[in-house]
Amino acid sequence: MKNKYTFIAAVLISISNLLPALSIAQKISAGARQSLSVCTDGTVRAWGQGTYGQLGNGTNTDSETPVQVSLLTNVSIVAAGSDHSMALKNDGTVWCFGDNSYGELGDGTNTNSNVPLQAISLTGITAIAANYHSLALKSDGTVWSFGEGGSGQLGYGTNTDSSIAVQVSSLTAITAVAAGDYFSLAVKNDGTIWTWGKNSNGQLGNGTNTGSNVPVQVNSLTGIIGVAGGGNFSLGLKNDSTVWSWGGNSSGQLGNGTNTASNVPVQVSGLTGITAISAGQKHGVALRNDGTVWTWGGNLFSQLGDGTNTDSNVPVQVSSITGVIGIDAGINFHTVALKNDSTVWAWGSGHLGSTTIFNSNVPIQVTALCAVSTLAEEIATPISIFGYPNPFTNYIYIKETNDKGDIVIIDLMGNEILKQHVTSGETTINTTNISSGVYLLTYRNEKKSANIKLIKH
């Protein structure tokens, strides 16, 4: 019993300070010219450009309205890359479709596919990310990459492409990953950020502008629970709900009131209560815990959604949309948002999910779309309990300080795995019968509820 307290200093998680690390945005994703969503039945819809088969419906044809991706069921997470798409199934396998010029489908070939193919040798995957390359996070805390590697963005010590998954060097205990243009990011369970790949604008955040094909640590940032990679800049979300940025800033994408690049983190101005972040080519997006969306950076293509086409180097509120629970900024110039009524909205330039509107500087609803899954949603309502360690193995310990209630562990499709009542003091939850993977620990009582991501090794 004594040994478990050694975890407290390093990995104690205060739920009152923890904001969502598992964004419901993973149910929606915006790529360069295509978007994806997970339906409530576990199938996937796609819309936008289909030239390379990135819509996954057996054709190479564009579709301005959603089409069903072939052969995919039981999907929990999607990620849209530059010209390829990824889906993570509940069984921990990864499926990819679209452009495969650099091996970004992970099937051992360089042949495009307009239907999903399984990425070989990947099991136990809990998170995915895509840009011009692909990333996969395993339940053991290691990171695997495949696709284009010319700038070191695969992170395995070379600048070589790979059509099969390779392990990123020297990374363990990782809880989140993100893919930028030719660079990658990862969050460790100690709240630090590690980056690798292209660094010409300081997007690796380590105080230099020198690229690296192995992970380097971002300077002076701790308490991080989420990251996002854009065109030439990066974002980090701290557990105090503030947002930090570094890299290129020609369009104000660092959001700190200047247009000056920085190779070390600077704070995005005026943002508090943030629960999720995302980064586009030259714009940033943040979701507040009141359901509003805030954007900053380049706006030539209406990607800020504020009713103008004027850049802003400080955050502005997206017009006429509330009740948002998920966001994702496209690799190029559009953004998608998921509302709590299961509808998806988009703004910016190109392939917005409408047959009549191609560009919009305010959000428009994606038409003819299935009800998008809002299962496994994390809510950042403060409560006074602690859970540790995380990631966990056979036990997780819940320390209650003020409230009594029920702890429920659910999987990403909302299935209840375990339920236990929390009373005063500390509750020990035996998790030996839970399989490795990603779960949510949900706390509920008569007044409050909150969810946090858990990783079982």
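All figures in this text were calculated on a predicted structure; none of them were measured in a lab.
For the atom pair OG1 (T61) and CD (Q49), the distance works out to 11.0 Å, reported to the nearest 0.5 Å. Here L304 contributes atom CG and N361 contributes atom CG; the two are 10.0 Å apart, rounded to the nearest 0.5 Å. Between the CG atom in L135 and the CH2 atom in W144 there is a gap of 13.0 Å [rounded to 0.5 Å]. The structure places NZ of K282 at 11.0 Å from CG of D181, a figure rounded to the nearest 0.5 Å. The line from OG of S76 to CD1 of I128 is 7.5 Å long, rounded to the nearest 0.5 Å. To the nearest 0.5 Å, the span separating CD1 on I277 from CG on L271 amounts to 10.5 Å.
At a threshold of 4.5 Å between non-hydrogen side-chain atoms, the residues S320 and V362 do not count as touching. Contact check for V366 versus P66: side-chain heavy atoms found under the 4.5 Å cut-off. Within the 4.5 Å cutoff, side-chain heavy atoms of H351 are placed close to those of F358. Contact annotation: the side chain of H334 never approaches that of W347 to less than 4.5 Å [non-hydrogen atoms, C-beta and beyond]. Looking at heavy atoms from C-beta onward, L36 lies out of side-chain contact with R45 at the 4.5 angstrom threshold. Residues I321 and W345 form a side-chain contact, since some pair of their non-hydrogen atoms from C-beta on lies under 4.5 Å apart. Side-chain contact check for S262 versus L254: some heavy-atom pair is nearer than 4.5 Å.
Between the side chains of N199 and T208, a donor-acceptor pair is found at a separation under 3.5 Å. A donor-acceptor contact closer than 3.5 angstrom is absent between the side chains of N206 and N219. In this structure, a donor-acceptor pair under 3.5 Å is present between the side chains of S134 and H84. A donor-acceptor contact closer than 3.5 angstrom is absent between the side chains of N259 and N249. At a cut-off of 3.5 Å, with distance as the only test, a side-chain donor of S349 or N359 sits close to an acceptor on the other residue. For the residue pair S354 / E64, no side-chain donor-acceptor distance below 3.5 Å is found, with atom types taken as modelled. For the residue pair S302 / N309, a side-chain donor-acceptor distance below 3.5 Å is found, with atom types taken as modelled. Defined by atom type and a distance below 3.5 Å, a donor-acceptor pair is missing between the side-chain atoms of S82 and H133. Defined by atom type and a distance below 3.5 Å, a donor-acceptor pair is missing between the side-chain atoms of N189 and T175. Judged purely by distance below 3.5 Å, without hydrogens or angles, the side chains of N299 and T310 never pair a donor atom with an acceptor atom.
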Which atom pairs, one a donor and one an acceptor, fall under 3.5 Å between side chains of residues 220-236 and the rest of the protein, sequence neighbours left out?
from: N232; atom 1: OD1; to: Q253; atom 2: NE2; distance (Å): 3.1
from: S234; atom 1: OG; to: Q203; atom 2: O; distance (Å): 2.9

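Taking every heavy atom of both residues into account, S373 and C39 meet most closely at CB-O, 3.8 Å. Taking every heavy atom of both residues into account, P215 and G155 meet most closely at CD-O, 4.0 Å. G81 approaches I331 most closely through the heavy-atom pair C-CD1, 3.2 Å. Here the shortest heavy-atom pairing between L154 and S162 reads CD1-N, 3.8 Å.
Using bins of under 30°, 30° to 60° and over 60° for the plane-to-plane angle, the ring pair Y132/Y182 lands in the parallel bin.
Note on D83 versus R33: salt bridge recorded, some NZ/NE/NH1/NH2 to OD/OE distance being below 4.0 Å.
Partner W246 forms a side chain to side chain contact (heavy atoms under 4.5 Å, CB included) with one of V218, V264, N263 and no other, that one being V218.
Every residue two or more places apart in sequence or in another chain was checked for a side-chain hydrogen bond (donor to acceptor under 3.5 Å, both in side chains) with T51, and none qualifies. By the side-chain hydrogen bond (donor to acceptor under 3.5 Å, both in side chains) test, D161 pairs with no residue at all, sequence neighbours left out.
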- Item | Stepwise side-chain contact (heavy atoms from CB on, under 4.5 Å) test for M86 and W95 | CA-CA 6 Å; M86 304 176 70; W95 297 74; over 6 Å; no
